Protein chains: 2
Amino acid sequence: MKPLDTKDKILKAARQLFVEHGFAGTAMGKIAKQAGVNHSLLFHHFGNKAKLWGAVKADIVKDAKVQSTILPATDLKLEDFLQQLLANQIQFYRDNPDIVQLISWQRIEAGNESDIGVTLSEESQAWLDAIKAYQAKGEIAPQHKPEYIVTLILSIASTTALDNNQLIDNEEAYLEFCVAGLVKCFAAN
Amino acid sequence: MKPLDTKDKILKAARQLFVEHGFAGTAMGKIAKQAGVNHSLLFHHFGNKAKLWGAVKADIVKDAKVQSTILPATDLKLEDFLQQLLANQIQFYRDNPDIVQLISWQRIEAGNESDIGVTLSEESQAWLDAIKAYQAKGEIAPQHKPEYIVTLILSIASTTALDNNQLIDNEEAYLEFCVAGLVKCFAAN
DNA sequence: TAACGAATTGACTAATCAGTCAATTATCGT
DNA sequence: ACGATAATTGACTGATTAGTCAATTCGTTA
């Protein structure tokens with residue numbers, strides 16, 4: 001078998017099991033079995049468990065980076081811009097359950113964050129710029145810190161997508177409520 | 001030694017290690033060592049690892065219920081009420097890191113949530129009632145669903161307390177911004 | 001003090017863990 | 001077709017895992 005085939009099969013199986021059960025909860029033997037591959041091949045191709053975990057993390061981050069949130073055009077009406085932005089970000093979380101899970105494992109298994117979390121801050125500059133553009137247009141009051149606005153929006157997106165919001169019967173209606181609220185909140189008067 | 005002393009020592013050690021490393025990442029032997037107690041006593045007093053984990057969860061939930069968020073008085077000015085509410089809830093998360101961590105482990109190690117999460121919904125009725133009181137007073141517009149309002153507030157509190165908000169330089173200022181925004185968002189006009 | 005039950009101990013098991021290694025097989029360039 | 005290099009295999013190790021159990025110690029009560 002081609003080495004890439006085998007390496008890929010291992011990586012795929014490892015990704016599934018690591019995401020599902022975390023580092024401590026995943027056994028190399030189980031990965032080998034799931035990949036339909038000899039136990040020793042994991043060590044031959046990846047060295048050891050930690051390195052395989054590292055390769056899986058890199059793989060997940062790579063996949064997530066390809067489709068990271070597309071910023072809506074800033075010539076939209078503020079309300080439409082916010083609605084789009086929230087919808088996109090929530091969709092990103094929904095489309096990339098692996099990276100969401102990975103961040104959770106990283107946060108809870110290792111005290112530090114180190115590896116990831118950088119992912120988001122790369123594009124956060126673009127978000128800040130978009131907010132500033134709306135401030136320049138006078139649709140957002142200039143006294144508000146763009147950092148606070150972005151944080152609040154991200155906060156709504158992540159909790160909506162990831163928490164089990166028992167009080168929400170209709171997500172679309174809730175997001176409409178949030179968007180309308182944000183517009184009022186940001187408005188210059 | 002009194003059986004309660006031993007049982008308590010085991011429970012305390014187990015709580016620390018389970019919270020720190022999760023179920024799969026914690027070994028019974030390590031718990032025994034940390035408790036300064038014979039390995040076999042864990043099984044004598046708690047049966048098996050899963051039951052010990054259950055006892056630890058019950059212990060953490062019990063502790064957290066004692067100091068659950070105190071609802072501010074509803075005769076406060078809306079702005080002060082919201083500010084207090086957010087501050088109290090954030091303080092609750094900060095004062096009870098074990099239950100926060102426990103919920104994280106529960107969410108990530110077991111796909112279901114089952115056990116906890118109920119914790120919050122018990123008091124959420126009081127929150128809803130408080131919001132309705134402000135609607136009756138005319139300080140919150142009656143067309144807003146109290147469920148959406150409570151969800152939004154909880155969302156801000158949890159992300160502020162638990163996420164590593166890289167864009168926030170001054171938490172107090174951020175919360176002031178949020179409270180002012182919420183007031184505008186909820187306002188009847 | 002005798003005796004009874006509960007607490008405690010240490011030795012044990014069978015399974016599973018990550019990782020090693022020599023031997024074998026397949027691939028590929030020449 | 002040959003030789004080198006890489007992939008693959010299975011048997012192995014030593015450590016660690018959860019859990020058992022008979023023997024022993026301890027506290028209490030009669």
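Remember, predicted model here, so these are calculated numbers, not experimental data. The figures that follow rest on heavy atoms only: side chains count, while hydrogens, waters and symmetry mates do not. Just so we're on the same page: letters track the sequence lines, and every chain starts at 1.
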Engineer: Looking at residues 17-27 of chain B, who's got a heavy atom less than 4.0 Å off DNA chain D?
Structural biologist: B:T26, B:A27
Engineer: Whole-Å distance between C:dT8 C1' and B:K7 NZ?
Structural biologist: 15 Å
Engineer: So with a 6.0 Å cut-off around NZ of A:K132, is the heavy-atom count from everything else above 12?
Structural biologist: yes
Engineer: Out of D:dG19, D:dT8, D:dT20, which nucleotide sits closest to the side chain of A:T6?
Structural biologist: D:dT8
Engineer: Starting from the 5' end of DNA chain C, give me the residue, A:G47 or A:K30, whose nearest nucleotide shows up first.
Structural biologist: A:K30
Engineer: Looking at A:F23, is A:K49 sitting on its ring face, NZ or CZ under 6.0 Å from the six-membered ring centre and within 45 degrees of the normal?
Structural biologist: yes
Engineer: Does D:dT8 have its OP1 or OP2 closer than 4.0 Å to a side-chain nitrogen or oxygen of A:H45?
Structural biologist: yes
Engineer: Expressed as a whole number of angstroms, how long is the span from A:L41:CG to C:dC21:P?
Structural biologist: 17 Å
Engineer: Select one nucleotide: of D:dG19, D:dT8, C:dT20, the one nearest the side-chain heavy atoms of B:H39.
Structural biologist: D:dG19
Engineer: Run the salt bridge (Lys or Arg N to Asp or Glu O under 4.0 Å) test against A:D63 and tell me which residues pass, sequence neighbours left out.
Structural biologist: A:R15
Engineer: With the side chain of B:F43 defined as its heavy atoms from C-beta on, choose the nearest nucleotide among C:dG10, D:dT8, D:dT20.
Structural biologist: D:dT20
Engineer: Applying side chain to side chain contact (heavy atoms under 4.5 Å, CB included) to B:I90 and B:L175, what does each step give before you reach the verdict?
Structural biologist: CA-CA 10 Å; B:I90 289 169; B:L175 285 175; 3.6 Å; yes
Engineer: Output the rounded distance in Å from CD1 (A:I31) to C1' (C:dG19).
Structural biologist: 14 Å
Engineer: So which heavy atom on A:C185 is nearest to which on A:H144, and how close?
Structural biologist: O-CE1, 3.3 Å
Engineer: So do A:V100 and A:N96 actually touch side chain to side chain, heavy atoms under 4.5 Å?
Structural biologist: no
Engineer: Starting at atom CG of B:D5, determine the distance to atom C1' of C:dT8, rounded to an integer number of angstrom.
Structural biologist: 14 Å
Engineer: Compare the minimum distances between each of C:dT8, D:dT9, D:dA7 and the side chain of A:S40, then state the nucleotide with the smallest one.
Structural biologist: D:dT9
Engineer: Quick one: A:L42 CG to D:dA7 P, roughly how many Å, whole number?
Structural biologist: 14 Å
Engineer: Rounded to whole angstroms, how far apart are NZ on B:K51 and C1' on D:dA18?
Structural biologist: 14 Å
Engineer: Would you say a side-chain N or O of B:N38 is under 4.0 Å from OP1 or OP2 of C:dG10?
Structural biologist: yes
Engineer: Atom CE of B:M28 to atom P of D:dG19: distance rounded to whole Å?
Structural biologist: 6 Å
Engineer: Decide whether a cation-pi geometry holds between A:K184 and B:F186; the criteria are a distance under 6.0 Å from NZ or CZ to the six-membered ring centre and an angle within 45° of the ring axis.
Structural biologist: no
Engineer: Starting at atom CZ of A:F46, determine the distance to atom P of D:dA7, rounded to an integer number of angstrom.
Structural biologist: 12 Å
